[in-house]
Every structure is written in C-alpha cells, then in structure tokens.
2 protein chains.
Amino acid sequence: MTARSANVHQARLLRLLRDLGPQSRVALGDRVELSRSKLAVEIDRLLETGLVVQDGLAASRGGRRSHNVRIAPSLRFLGVDIGATSVDVAVTNGELEILGHLAEPLDVRVGPVAVFERVLAMVAKLRDAGLADHFDGAGIGVPGPVRFPEGVPVAPPIMPGWDGFPVREALSQELGCPVLVDNDVNLMALGEQQAGVARSVRDFLCIKIGTGIGCGIVVSGEVHRGVTGSAGDIGHIQVDPAGPPCACGNTGCLEAHFGGNALARDAVALAEAGRSVELASRLEAAGRLTAEDVSAAASAGDPVALDLIRQGGSRTGQVIASLVSFFNPGLVVIGGGLTGLGHTLLASIRTQVYRQSLPLATGNLPIVLGELGPVAGVVGATRLISDHLFSPA
Amino acid sequence: MTARSANVHQARLLRLLRDLGPQSRVALGDRVELSRSKLAVEIDRLLETGLVVQDGLAASRGGRRSHNVRIAPSLRFLGVDIGATSVDVAVTNGELEILGHLAEPLDVRVGPVAVFERVLAMVAKLRDAGLADHFDGAGIGVPGPVRFPEGVPVAPPIMPGWDGFPVREALSQELGCPVLVDNDVNLMALGEQQAGVARSVRDFLCIKIGTGIGCGIVVSGEVHRGVTGSAGDIGHIQVDPAGPPCACGNTGCLEAHFGGNALARDAVALAEAGRSVELASRLEAAGRLTAEDVSAAASAGDPVALDLIRQGGSRTGQVIASLVSFFNPGLVVIGGGLTGLGHTLLASIRTQVYRQSLPLATGNLPIVLGELGPVAGVVGATRLISDHLFSPA
DNA sequence: CTGCTTTGTCCTGTGGAAGATGAAAGTCCA
DNA sequence: TGGACTTTCATCTTCCACAGGACAAAGCAG
C-alpha cells in the first residue's frame, strides 16, 4: 500500500476523509466539484489502492442509505517533536487521532545520534504496545531552522552537532517510510490548525515559548518558512539595546530576556540576592535553578517568580505587538512548555499587545493559549507528512 | 470591449502577453500547458473579444513564420497614487508601459472630495494630451489601510475625512470602468514586482519611507494584506519606549522618530539650537521646515541633517532587522520620497540590519533601493487592476 | 526547384459532465 | 402488517471538450 495519491482529486478526497472522518460518497460529492460519475471512479481507485475502505452504511437522509467510506484504519503516521529539553513521540491513525503518545526529557545538545537512538527506542515501545506494525509516513520537528526541501537543520543555535545532519534521510532509512522535517514551531502551528484553536483561521501566528522563543507563521492557510527556512525566528529580535548579552552575539534579544536560560539566570540572581525565599530554597536544594523552578515557584504563588513571568510576558508582548502591526493576523496562539502559568503569561502579553498595537489590527484579534498543549507538535508533524502524502504526485 | 477574461486559460494568456509583450502563438504554447488545438481556440476567442490583436509575423525560427499576437494596443489602464503630500497619475497601455505621467503636490488632508477633483483634472489633462479616450480599468492607492474587497479606507490615521469614503465606488462612477483600491505601499510592492527590482522574487518586503512609514509584504508572489487590511503598518512599531510621543497615542513609534513630521520637528529644534547653519537659514527663509528641507540640506552636505537621516535609517534598520528575523524575506526594497539621499539611508539601514539579524536570514539578503522611484505606485496600481481584469470571471 | 523545418488546421479517440434510468430504502396510510 | 408512494443512491447513456496525431501550408536553404 503506497500512500502517495495519484491525482489532485484523490488528494482532495483523502484530506477530506482525514479531516472529516468517515463520510458517505454523497457527502463527499457535496464538498468537491466533481460529477457523480467522476467521483465514483476516483473513490473506486482509492478503494483499489487500499488507502480507503468501505465502512458500512451511512445514516439515512430520508431515502436509500449511502455506503460510507473512510481512510484505511490500518494507516499509521508517526509524529516526533524534538524540543530543546524533551522529546515527544506519538502514533496516529489516518485521521490523525493520537493512538499513543510518549514524552521524555532529553537534552537536544547530546547530539543527533544519541537523540535518534532514544527516539527509535520510544518508537519501538509504541510498536510493542501494538499501536503500529508499520508507518506510512513520519513527521519530525527540531528546535531550529530547517532547510525544508532537504529536511536538514541549518545553523541551529541551540543544537550543536545538528548542523547539516541528514535528519530526513536518516529517519526515513530507519523507519522505511517517507519523512518530512520541519521547525518545531511550524509543526505546533500546523497542529493547532489541524486540531486546535486555529482550525478555521487562515492567517495566524503561533508563538512558542520555551527554552527558545519562536513563531510559526501561517499565511493563507500555508506555513510560511521564509527563503532560508528561518522565518519565525523571533527569539533574537532586539527588545532593549541595553539589555543582557545573548548567546547569538547581540545584546537585548528577546531570548536574552525571557528564554529558558535567561529565566534561570535571573532566578539565580534573585535567589542569591535574598529576594525570594522560595527560589532560594530551591537553589539550595538542587544546586541550580531552571525555568521549571521559576514556573513552579510562580505557580506556588511566589511573587518574585510571578514578577519574572510577568516581565517576560511583557517583553514578549512587546515583540508580538510589533508582529501584529506588521502581519495583521486573525489570531495569535501562545504555546510551549508553560505548564500552569499560561494564563499569567497570557494576561501580561495581552496587556502589552492591546496597549501597543493599533486598534485596527487588534480590534477583534484573539490572543489565546494553544488547545493541544504538549501534543501540538506531534499532531502537526503527522499533519505535515499526511499533507505531503495526500497530495498530487 | 469588456476586459474581463472568461476562463483561466485566457487569463493566463493575457497576463503572459502583458508581461512578455507581443508573442508568437508557438511561444505562448511553450509557456502554457495546453494542446495546440485548445490554444488556437482560446486565442481565437481572445481575438474575437478584441482584447488581443494580430501583430504581424514573428521572426522566423527556420521554417514557416508564426503570426504574432499582442494585447490590444488601444487598451488603457489608469494608475493613481495618492500620497500624504502628493498625487501621481499615470496612463499605461495593456502592457503596463507608462504612456503619460503627472505628479502634483497635494495634501491628502484636504479630504477625499477635493483630492478627487484634482485627480480627475489630472486625468482630464492626460486625456486631452491624446493618451487615452477611455479606460479599461484603474487602480488607486491611498496612504492608509484599506478594506480591500470593498475598496474603502478604514481608520486611516493621516487621512482625516477619508474613513469609510467609498473610493472605489466613486472613482468607478467617474471613470466608467472597474476600479480597485489598495494601500499605497502594497502598490509600490506590486510595482517593483511587475517592473522593478523584485521581478523574480516571490517573498519580499517593500519599505516605503515618506510622511508615514509602511511596508508592503509579498508572500509567494501575492500581496499579504492581513485580516483587516492593516498589514505592513510598521510606522507604529515601538522602537524606544522612552522615545517621543506619537500621534497614535503611544510613545517611541518608528514614525515618531523618523516620519516626515518627526524629521521636521527635529530639524526645527536643531536649527533653533543653532546646531546647523544650513537648516537655520532655511527655517529663516520659509518660516518652517519640512522633511524636504532636511533632505535638501543633507544632499548639500550639511552634517547635522545627514546625521538626522543616518539616525533615522538606523531606527528603521532596527525595525527591518526584526521583520527580517520574523519573515525571512528574499529581498528588501527601500523606496518612497527619498530624493537624492537614498544611498545614505540605505547604508545606515544595511548596517543596522546586517548587525542585528541572524546570519542565516541575512546571508544573501539583498537590501536595495526601488528601481521605479516615483512611478512604482502607479505601475503597481495598473498591475493590480490588470491582474483583476486578466483573471477568471 | 527541391528537400527540410516550422506553423496552422483538421480529425479522431478518450475522458469527463450531466441527464436518464433503475434499485434500494424510508414513510405514510389503510 | 403490507403495499403504494417518495426520496435518495448508484449506474448507464449521451454529449461535449480537449489532447494528440496527421496533414497541409508556408517559409528557409542550397
């Protein structure tokens, strides 16, 4: 069963079946501009390939009942989301419903080989659980810019050792199926578009706040990757020329204010200055502080930690305000590893954006948290590869 | 002769003939994926409508000579570019070559009725010069956000009295032809894409620096207008929270630093402070200073005026650097009413962008001046309407 | 004037759209 | 409960449009 669809009509039908679930032939006919005869031929061909199967009778619409068709339930997509400090792996069926999901902490800096080993072990675990005996396609996200056509990371600042590593090629070899590679932020955007808050929006931004800060850009329903694949790299936009130095060589970048490392740095400073008992005790206990410590302290109500989050939200809001003025999106989605304090962050971002951008752009601009949380990336990954497979050859 | 083409093939052919000039039928066949018979039929239909005419024999390619076809030479498009302080009007043929061009200073704040009167007088002048006895379509640009589908300015900050004025409807009535209205910056981008530096680039930004500062955004060859038509409104991006107050109510907007009014304000302050003899004498002579005075003084070598320009360029570069990080374009075009000092400005913008953006985004990112200068807007206007007319009905 | 190349037109076969027909299922009423 | 009627679905048939090849016309080169 080769998953690549042959022509534009079949691709269209496959995507409809993916997104709408099992449908009667007539319901499909209502959605595509094809004659009944042509539709019947194309569906027959899809049935022949095995990508689509008959699925009983549809509910009656008052007369003779129609036969349902659906994406073959044996179809399996793999989604991999490599973050800076964690890996998510999920298996979905052809309708991109998650059948199994594993998450593990893992520092991407251990390099591609070690990461791959780990990812493959997780995949094996999902396989052993009986969720898949094969994969029809896989999508993988990495936390840095990617030369999309080749599926190769380029000059990734937080991924030493990954530059030029043939991620697509390597994974495709291992899994024996087609693979696409993209920036993790783009996949998050795709995920929210597929199954989250952005389902009906054609132009939106998806801000991911974690170790790095990035932005997925969707224009007319399509991800915009830029000419070198670095679009959305907003972590190194300067918010304050007098700000702290950044790993990129400049000063006052957004990430230098509010990236994971910056947050940890500020927290340590505040703990050592005796400003926060909560942070100080955590520092005492662990010997170091991470962004998660700040997050936990803030969730526990520590005012100093909360203030760090608010300040960061405000800085981020400042940048988003600029982007909103520039891009005039219909929605801004905030996501990333913000367990628990999403709403605190959201509030300060909103305040800043609504204050700074012009009313015409913010008039009815929703700024919301992502719906999918940790699975946005993996869902986006399967969406990416399924879009690729369900497209004209 | 109705200009609206009937089907997708005819639209395609018309655009090819517009952009490539007279072509043999065979050369057209090489560019479209149509059978010879179908191509012949479609061209015959176009000939019937009168939109396309026979144009002698093509040069021999070694055998029987082919008959050329071309867009009807009687086709006339009108381009109107209303700037904050000037109006440009031009007439083109069907190949968007400028046949006549008039420019006049005019403050847009006199309101739509007065501006229209003036524009129509200019149109009449071009008509009287024998350049056109009719118009097949017109495009018009205004210096503010436009609800594109309706052709109506919305909440334009520097155009009091224009909010909601039915520009499209009114002009269409007067001229008796289809009209499209857009933001002047978008038209500039379209102009540079049609006949300027951006001919072969699919993703680029077009920065217009004048009374206001705006940015045309082209994604995958299409202008991105945003959900409310305010995309590219970068004049009110904050570059310095401690900066001067802006008319929009915020502080430190780019326009508050480097818009036309800001430039005049700073120049007056410097002149009065005795920092520049050149500016002081101009202030003395005219009783006031404008951006043009600064421009002239800078061109004359006045170091204080030059410094103003450099500082402004640096501020602008700061914003462009952010946009480049975000959008990762393949080209940045700088244009607007920068007579003479384009290169000074360009230099300081380049310095700032190359310093601040990441190498991956700036690696081979050309930042160049627009090629078309004052006619970019009007060319873009005719491109806009011709695209509309040369599209499937 | 004779081959050779290119261009334009005609013709035929195929594929798809739309209407017509038959089959299956549901509804209504006796 | 059964039969007639209605509604919907699937297939069959017809017609049209287009692609691609064949052939004629026009120009070039020697």
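Protein chains get the first letters and strands the later ones, always in sequence-line order, with residue 1 at the start of each. Source: prediction; values computed, not measured.
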Contact list for DNA chain D against residues 23-41 of chain B - heavy-atom distance below 4.0 Å: B/S35, B/R36, B/S37, B/K38
Applying side chain to side chain contact (heavy atoms under 4.5 Å, CB included), can you list everything that pairs with A/R168, at least two apart in sequence or on another chain? A/V179, A/L180, A/V181
For A/P366, what residues pass the side chain to side chain contact (heavy atoms under 4.5 Å, CB included) criterion, not counting sequence neighbours? A/L331, A/V368
Results of side chain to side chain contact (heavy atoms under 4.5 Å, CB included) for B/E222 - residues two or more places apart only: none
Applying ring pair (Phe, Tyr, Trp, His ring centres under 6.0 Å), name anything that partners A/H224, two or more places apart in sequence or on another chain. B/F327
Return each pair, listed once, that meets salt bridge (charged side-chain N to carboxylate O under 4.0 Å, His left out) where at least one residue sits in residues 186-201 of chain B; pairs must be two or more places apart or across chains. B/R199-B/E371
For nucleotides 26-30 of chain D, list the nitrogen or oxygen atoms of the protein found under 3.5 Å from its nitrogen or oxygen atoms, one pair per line.
from   : atom 1 : to    : atom 2 : distance (Å)
D/dA26 : O4'    : B/R64 : NE     : 3.4

Donor-acceptor contact present, side-chain B/N328 to main-chain A/G229, <3.5 Å: yes
Rounded off to whole Å, could you give me the NE2-to-C1' distance for the B/H67 and C/dG8 pair? 8 Å
Report the residues that fulfil side chain to side chain contact (heavy atoms under 4.5 Å, CB included) with A/Q54, sequence neighbours left out, ordered by chain and then residue number. A/R25, A/L47, A/H67, A/V69
Side chain to side chain donor-acceptor pair (under 3.5 Å) partners of residues 11-23 of chain B, not counting sequence neighbours, each pair once: B/R12-B/E33, B/R18-B/S386, B/R18-B/D387, B/D19-B/Q194
Distance, rounded to the nearest Å, where A/D44 contributes CG and C/dG16 contributes C1': 15 Å
